[in-house]
Amino acid sequence: MNAPPLSPSSPVLLDAIVVGAGFSGLYQLLLLRDKLGLSVKVLDAAQGVGGTWYWNRYPGARCDSESHSYAYYFSKELLNEWEWSERYPQQPEILRYLNHVADRFDLRSDIVLGTKVQSAHYGDTDKRWHITTDTGQTYSAKYFITAVGCLSSANIPTISGLDSFSGQWFHTGEWPHEGVDFKGKNVGVVGTGSTGIQAIPVIAEQAKHLTVFQRTANYSIPARNMPLDDAFKRYAKENADHFREVMTTNTNAHPFRLSERLAFDFSEAERNQIYEEAWLKGGLQFRASFKDLLQNSDSNQTAADFIRNKIRQTVTDHVKAEQLSDIDHPFAAKRPPIDSGYFETFNLTHVDLVNLRETPIESITPRGIKTSTTEFNLDVIVFATGFDAMTGSLLKMDIQGRHGVSLQKTWQAGPLNYLGLQVPGFPNMFTITGPGSPSVLCNMPPAIEHHVEWITNCIEHLQKNKMDSIEASQHASENWVATVNAAANETLLPQAKHSWYLGANVPGKPRVFMPYPGGFLRYRTTCEEIVNKGYAGFIVGSE
Ligand code: NAP
């Protein structure tokens, strides 16, 4: 006989609730449940596991980390049994991988899908987190852990008239599972970040006509994706320890190290030869060509000029070439995209480019997009307009800490936090890859593994020492936000004025540099030192 449905009035009592069943949530469940023996449930609004990779199904969606590094490294068996097929994994393959992980480690029985967390309130009296969901089921847990991803809250621009549009419109981060048929259609894509740059060449293959609406021109490096041969697959497995060592001891958690070279230690011809080799190799390693590209404006300019020249050489139409290469920020000050045929796409006669800096969008009409000069007739509009990054998904939940103080209030001036792991006033709440952590400046899986293991060790420490709670102190949190911003100011990163790193892509969002830019190794070392000093900056104790 099936168990009777749980009554919404009786909360499920647990040790821990984890929100989100992507890379972070799956691993956090595994460790808390199987290593610490806690009772845990993962809640996720989606109908499947996968997190970001469940939702981002837009044409061309693929990761720009190389597949052998875009994986969990905690299990040798898992590393050995999984085969990636291409240099960069496509979204369906990553989703298959995460489903495999869920099955292999028997995680599904503790994952509750189709369940959106509406609120999480800390009880001052019982010292527990009380969670409500859209299914009516409620939960009560000692630990509340958010694993909601950094780029999961779609940023849909508020352009007047969108409701009146008679065609179809989509945001890339909420793509329909059945796909979108672009055949024979006039399509408009708004946005030329990493997502737009991936989607535009693929949509162009199908659409009758494609109009790309560009507000800010972007650098992009060829990905040079290719199928992986058996020799490389074997090499990656045999050298897994080496890759893990490199990823956990460098600045960006990728399986390569930043060069020790400085751009001006070389003649112009030598430097361009180095860039040329990196361009042919493709991928994110281009930005590792010289050590000082993100520190020294003149050095950065050499990379920027090299890429601008490549754009002008690739794009045959002079006007399009100028608009695509008229880039207003230093190279890599915004997340640098990598592409498969992005600039080449603008040589197709059915692909047009609209420069929104010259002719901004005024409204959306029943027929399409109206700029200051022209109304473009469209059947489909694709918004590749990014995310309310790092804080959006957290602030969408009604989270309240001690004395009913909301996260919205605590973060009014920006995401106050300690190490990107905890927020003052929110005891026993942890934010995996939260704002203030290196996360999005890194290859994500190693960053996630580090956070999940840190949180697990922290909870184990509390349990062993009969301690009940841990909470970031106000002082340590304020210092940490200052540390993050000081580290950003040592680089050229804040010079990208519209960047989502700064929250500048969302109207009204406070301008605070959110990810920690001091490097993954430095960050890991800091976290370790803090633990060794008895969780310095945290208030740990029995209540
Ligand atoms: P994004 O980098 O924020 O880019 C959004 C684009 O939309 C920008 O070109 C932006 O222009 C434009 N835009 C936003 N609002 C607009 C408006 N109202 N009117 C006109 N244009 C508007 O977002 P994303 O491309 O989705 O990428 C976000 C992040 O996701 C990436 O940086 C990366 O970290 C991750 N990502 C990774 C991969 C991968 O691994 N391969 C793929 C996709 C995304 P402005 O620049 O002028 O604001």
Side-chain angles (χ1 to χ4, degrees), residues 23 52-53 55-67 69-70 86-91 94 149-160 162 170-175 188-200 202 211-221 223 225 252 254 283-284 324 326-329 332-340 342 353-357 359-364 369 371 381-390 392 433 438-445 447 493 496-507 509 514-515:
F23 262 97
T52 291
W53 298 105
W55 299 106
N56 281 269
R57 296 164 184 254
Y58 60 85
R62 138 183 344 268
C63 186
D64 54 12
S65 294
E66 298 200 25
S67 49
S69 67
Y70 200 75
E86 294 176 273
R87 180 173 175 189
Y88 307 94
Q90 278 205 59
Q91 176 269 338
I94 304 172
C150 299
L151 296 155
S152 49
S153 180
N155 177 31
I156 299 168
T158 45
I159 303 173
S160 74
L162 181 56
F170 306 94
H171 185 278
T172 48
E174 296 174 348
W175 203 252
V189 175
V190 182
T192 52
S194 302
T195 302
I197 282 177
Q198 281 186 333
I200 284 162
V202 184
T211 309
V212 175
F213 295 87
Q214 171 191 276
R215 191 165 67 181
T216 305
N218 218 336
Y219 302 97
S220 185
I221 309 295
N225 184 42
N252 53 28
H254 282 284
L284 293 175
L324 288 163
D326 184 15
I327 308 172
D328 68 355
H329 52 277
K334 279 183 166 188
R335 176 73 136 58
I338 62 174
D339 71 275
S340 297
Y342 174 64
L353 179 67
V354 175
N355 183 353
L356 298 179
R357 291 278 169 99
T359 57
I361 293 177
E362 285 188 342
S363 63
I364 294 183
I369 292 181
T371 66
I381 301 173
V382 175
F383 290 108
T385 45
F387 302 90
D388 183 352
M390 304 206 79
T433 63
S439 55
V440 291
L441 298 174
C442 292
N443 176 31
M444 285 300 285
L493 288 164
K497 300 268 177 260
H498 302 288
S499 148
W500 59 259
Y501 294 154
L502 271 168
N505 63 328
V506 175
K509 192 166 171 169
M514 293 185 288

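For ligands, and for the atoms within them, numbers begin at 1 and follow the listed sequence. Heavy atoms only: backbone and side chains are in, while hydrogens, waters and symmetry mates are out.
Across the listed options Val190, Ile369, Asp328, Thr385, Val190 owns the non-hydrogen atom lying nearest to atom 20 (C) of ligand 1. Of the listed options Leu441, Leu151, Ile94, Leu151 places a heavy atom closest to atom 30 (O) of ligand 1.
Residue contacts with ligand 1 for Phe387 involve side-chain atoms from C-beta outward but no N, CA, C or O (heavy atoms, distance under 4.0 Å). With a 4.0 Å cut-off on non-hydrogen atoms, Ala384 touches ligand 1 through its backbone and not its side chain. Contacts between Thr216 and ligand 1, counted as non-hydrogen atom pairs separated by less than 4.0 Å, involve both the backbone and the side chain.
Closest protein heavy atom to atom 3 (O) of ligand 1: Trp500 CD1, 3.4 Å.
Residue-ligand proximity, Thr195 to ligand 1, at heavy-atom distances under 4.0 Å covers atoms 24 (P), 25 (O), 26 (O), 27 (O), 43 (C), 44 (C).
Under a 4.0 Å heavy-atom criterion, Tyr58 is in contact with ligand 1. Residue contact check for ligand 1: Gln214 places no non-hydrogen atom closer than 4.0 Å to it. Within the structure, the closest approach of Thr192 to ligand 1 falls below 4.0 Å when heavy atoms are considered.
Under a 4.0 Å N-O distance rule, the pair Arg335/Asp64 qualifies as a salt bridge.
Less than 6.0 angstrom separates the ring centroid of Trp175 from the ring centroid of Phe170.
With no hydrogens or angles considered, a side-chain donor-acceptor pair links Ser220 and Asp339 at under 3.5 Å.
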